[in-house]
J.: 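The structure follows.
Heavy-atom basis, side chains included; hydrogens, waters and symmetry copies ignored. Positions are given from 1 along the sequence.
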Amino acid sequence: VRLDKNWIQDGAPGNGGGLHSGGGDVTITRGIIADNMAVEGGGLWTNGTLTINGGADGDNDDDDDAEDGDRSFFTVLSGNEASGDEAGIGGGGLYVETGGMASVRYTLINGNTANGTAGSGGGVLVADGASATLAFSEVTGNTANRAGAGIELFDDGSTDDETTVSLRQVYVANNVIDEGAPGNGGGLHAGGAGAVDVSMSTFANNGAVEGGGLWINAAGSLTMGNSTVTGNSSDTDGGGIYDNGGASIALSSVTVALNSADNDGGGLFSASTDMFTVQNTIVADNSAGGMGPDCSGTFDSDGYNLIGDATGCTVNGDDTDTDGQNPMLAPLAANGGFTPTHALMEGSPAIDSGDSAFDVDQRGMTRSMSPDDRGAYETEGGGTSTSTGEEPQAGAFALGTPQPNPSAGRTRVTFSVAEAAPVELALFNVLGQRVLTAFEGPVSATAPQTVDLDVSGLASGVYVLRLMSGGDVETRQVTVVR
């Protein structure tokens with residue numbers, strides 16, 4: 001089904017630009033809902049049961065294809081607009097009204113907006129007493145003026161029913177509130193007593209005035225496991241996750257890295273005294289203009305956390321926690337599974353030093369019998385290797401040392417593969433963003449290959465050169481100087 005360019009401009013109530021479901025059951029399979037406009041629910045509006053599903057065969061058996069990067073069979077909600085001015089009126093892509101239930105799978109929710117004066121939920125808005133479950137989906141590039149550029153839980157207490165959102169294997173990225181009032185929750189905003197459950201998901205590069213990745217109200221709750229919060233930014237406090245004070249928040253086997261706040265709490269910000277719990281979690285490599293580069297506030301530990309810099313925060317825990325160490329995270333990358341992760345480099349203190357509550361990691365890979373790795377990623381054989389120790393040679397998978405290194409202009413590297421196969425050699429910055437593709441194509445195993453990298457246009461700093469072929473991965477650090 002395709003629903004596009006349908007507009008409700010001045011109607012009352014003006015709900016559901018592409019589709020309005022006033023109760024009952026609706027199922028959308030492999031649809032395109034694009035460039036529609038309404039006061040509320042620019043793309044879709046429901047107060048019944050809405051099922052959105054991609055699927056090459058219209059079923060739920062396509063997990064492997066999705067994990068391999070195939071999005072061709074996904075349903076798309078894109079470019080839809082909700083123009084309502086009130087705080088609870090929004091939902092650029094999807095609006096789930098009180099009493100409604102939405103199940104969303106194999107769906108791309110991207111480039112939607114809630115652009116009213118207090119518009120919320122650029123991608124998705126879940127109203128008081130409604131629920132939404134998302135799996136194997138992406139919520140990317142959405143915007144809002146008030147809160148929840150990606151996802152908004154608008155729990156205003158108008159009903160006694162719980163307002164819930166569940167995310168499993170969901171990528172929430174590049175959702176932004178530029179100058180909103182209050183401008184909370186770039187990736188997700190949970191108001192009132194909204195309850196959020198997140199597993200095997202990644203929040204990356206979202207931005208807001210407060211709570212760049214996620215913002216949780218004092219009466220709300222967040223349970224997050226086997227997930228990654230990375231590269232998010234806040235103009236004030238809480239680059240990664242913001243706790244408004246009193247929220248019940250529990251992070252278990254989560255990696256919180258490379259987030260930033262102009263004020264306090266680059267990674268985590270807590271206004272609670274005893275309600276924010278972390279376990280087997282990495283909080284490191286974040287930055288703040290004020291207090292607490294990695295965390296600000298008070299946190300309770302259930303053990304086995306690695307905090308890079310605990311300055312500005314109090315972590316009440318036991319002697320299994322570690323602080324002041326570099327977890328040696330590789331750039332954010334597609335390391336298997338549906339969502340990108342930060343692999344652990346060889347020699348990371350997070351390897352074989354933790355105790356996860358889960359049998360698998362974020363990618364769905366089996367964790368060690370004991371001990372586990374800390375954070376969302378479980379290594380195989382001791383970490384993502386910077387080198388196998390082998391020099392590139394015929395019949396061996398190896399990545400040589402770039403020369404010269406550091407470099408201000410060009411550097412040369414040699415690599416080899418164990419068998420003829422397609423190969424990718426690419427350079428990434430510390431945020432996991434690809435800055436250069438050095439080589440891409442089939443390679444013979446009969447002889448090593450030599451490639452020149454032109455880094456003259458890159459800013460000074462440390463980059464990661466990654467060689468990938470099938471399931472084999474090797475990395476080398478490249479330092480650019482000026």
Side-chain angles (χ1 to χ4, degrees), residues 56 62-74 108 138 140 171 173 202 204 330-343 345-346 363 365 377 379-381 383-459 461-480:
D62 303 296
D63 295 4
D64 291 342
D65 289 338
E67 290 180 356
D68 289 340
D70 185 0
R71 304 290 186 266
S72 63
F73 56 87
F74 278 41
L108 304 178
E138 297 183 2
T140 60
Y171 183 48
T202 294
L332 189 71
N335 296 310
F338 183 79
T339 49
T341 51
H342 286 290
M345 301 292 285
E346 186 176 22
R363 303 166 299 157
M365 303 296 290
Y377 183 96
T379 61
E380 301 171 51
T384 299
S385 178
T386 55
S387 171
T388 60
E390 295 185 62
E391 288 301 315
Q393 57 184 304
F397 185 80
L399 179 61
T401 303
Q403 296 291 343
N405 190 19
S407 174
R410 287 184 175 271
T411 185
R412 175 169 293 185
V413 65
T414 300
F415 67 89
S416 60
V417 294
E419 57 185 24
V423 166
E424 179 189 80
L425 182 67
L427 194 67
F428 297 82
N429 63 19
V430 294
L431 292 177
Q433 298 166 330
R434 183 191 300 261
V435 297
L436 176 67
T437 299
F439 182 89
E440 188 172 25
V443 170
S444 168
T446 57
Q449 309 289 318
T450 299
V451 176
D452 287 335
L453 283 72
D454 183 1
V455 297
S456 60
L458 300 179
V462 176
Y463 296 82
V464 175
L465 183 65
R466 186 183 72 189
L467 175 69
M468 292 187 65
S469 179
D472 295 323
V473 180
E474 279 224 28
T475 61
R476 291 277 190 176
Q477 284 194 355
V478 175
T479 301
V480 176

J.: Considering all heavy atoms of both residues, which atom of Gly409 and which atom of Asp454 are nearest to each other, and what is their separation?
T.: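 Closest approach of Gly409 to Asp454, heavy atoms only: O-OD1, 3.4 Å.
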
J.: Please name the pair of heavy atoms, one in Met345 and one in Ala330, separated by the smallest distance, quoted to 0.1 Å.
T.: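 Minimum heavy-atom contact is SD-CB, 3.5 Å.
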
J.: Okay, side chain of Gln449, backbone of Ala447: is any donor-acceptor separation there less than 3.5 Å?
T.: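 Between the backbone of Ala447 and the side chain of Gln449 there is a qualifying donor-acceptor contact (under 3.5 Å).
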
J.: Of all heavy-atom pairs between Thr339 and Tyr171, which one has the smallest distance, and what is that distance?
T.: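 That would be CG2-N, 4.0 Å.
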
J.: Leu467 versus Leu465: any side-chain heavy-atom pair under 4.5 Å?
T.: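 No, every pair of side-chain atoms sits at 4.5 Å or beyond.
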
J.: Specify the closest pair of heavy atoms between Val413 and Gly400, including all atoms of both residues, with the distance to one decimal.
T.: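 Scanning both residues, the minimum pair turns out to be CG2-O, 3.4 Å.
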
J.: State, with a plain yes or no, whether a side-chain heavy atom of Tyr463 is found less than 4.5 Å away from one of Leu436.
T.: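 No, too far: nothing below the 4.5 Å cut-off.
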
J.: Which atoms form the tightest heavy-atom contact between Arg434 and Ala426, and what is the distance?
T.: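 Shortest heavy-atom contact: NH1-CB, 3.2 Å.
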
J.: Which distance, rounded to the nearest 0.5 Å, do you find between the CD of Glu138 and the CZ of Phe74?
T.: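 So the CD of Glu138 and the CZ of Phe74 are separated by 6.5 Å.
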
J.: Is there a side-chain contact between His342 and Tyr377 in this structure, where contact means two heavy atoms from C-beta onward sitting under 4.5 Å apart?
T.: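 No, their side chains stay 4.5 Å or more apart.
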
J.: Rounded to the nearest 0.5 Å, what's the gap from CZ on Arg466 to CZ on Phe428? Could you check?
T.: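 Answer rounded to 0.5 Å: 3.5 Å.
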
J.: Would you say Arg412 and Gln403 make side-chain contact, with heavy atoms under 4.5 Å?
T.: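 A side-chain contact under 4.5 Å is absent here.
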
J.: Do any N or O atoms from the side chain of Thr202 and from the backbone of Ala204 form a donor-acceptor pair under 3.5 angstrom?
T.: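 Not at all, since once roles are kept as given, no pair shorter than 3.5 Å links the two residues.
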
J.: Verify the distance criterion only: is there a donor paired with an acceptor across the side chains of Thr341 and Asn335 at less than 3.5 Å?
T.: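 Yes.
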
J.: In Å, rounded to the nearest 0.5 Å, how long is the span from CG of Leu425 to CE of Met468?
T.: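 Interatomic distance, Leu425 CG to Met468 CE, rounded to 0.5 Å: 11.5 Å.
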
J.: Would you say the side-chain atoms of Arg476 pair up with the backbone N or O of Leu399, donor to acceptor, closer than 3.5 Å?
T.: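 Yes; at least one donor-acceptor contact below 3.5 Å.
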
J.: Just by distance, do the side chain of Ser469 and the backbone of Val423 share a donor-acceptor pair under 3.5 Å?
T.: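 Such a contact is absent between Ser469 side chain and Val423 backbone.
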
J.: Would you check, one step at a time, whether the test side chain to side chain contact (heavy atoms under 4.5 Å, CB included) holds for Leu453 with Val451?
T.: CA-CA 7 Å; Leu453 283 72; Val451 176; 4.2 Å; yes

J.: Between Ser416 and Ala396, what is the shortest heavy-atom contact and its length?
T.: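 Smallest interatomic distance, heavy atoms only, reads OG-O, 2.6 Å.
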
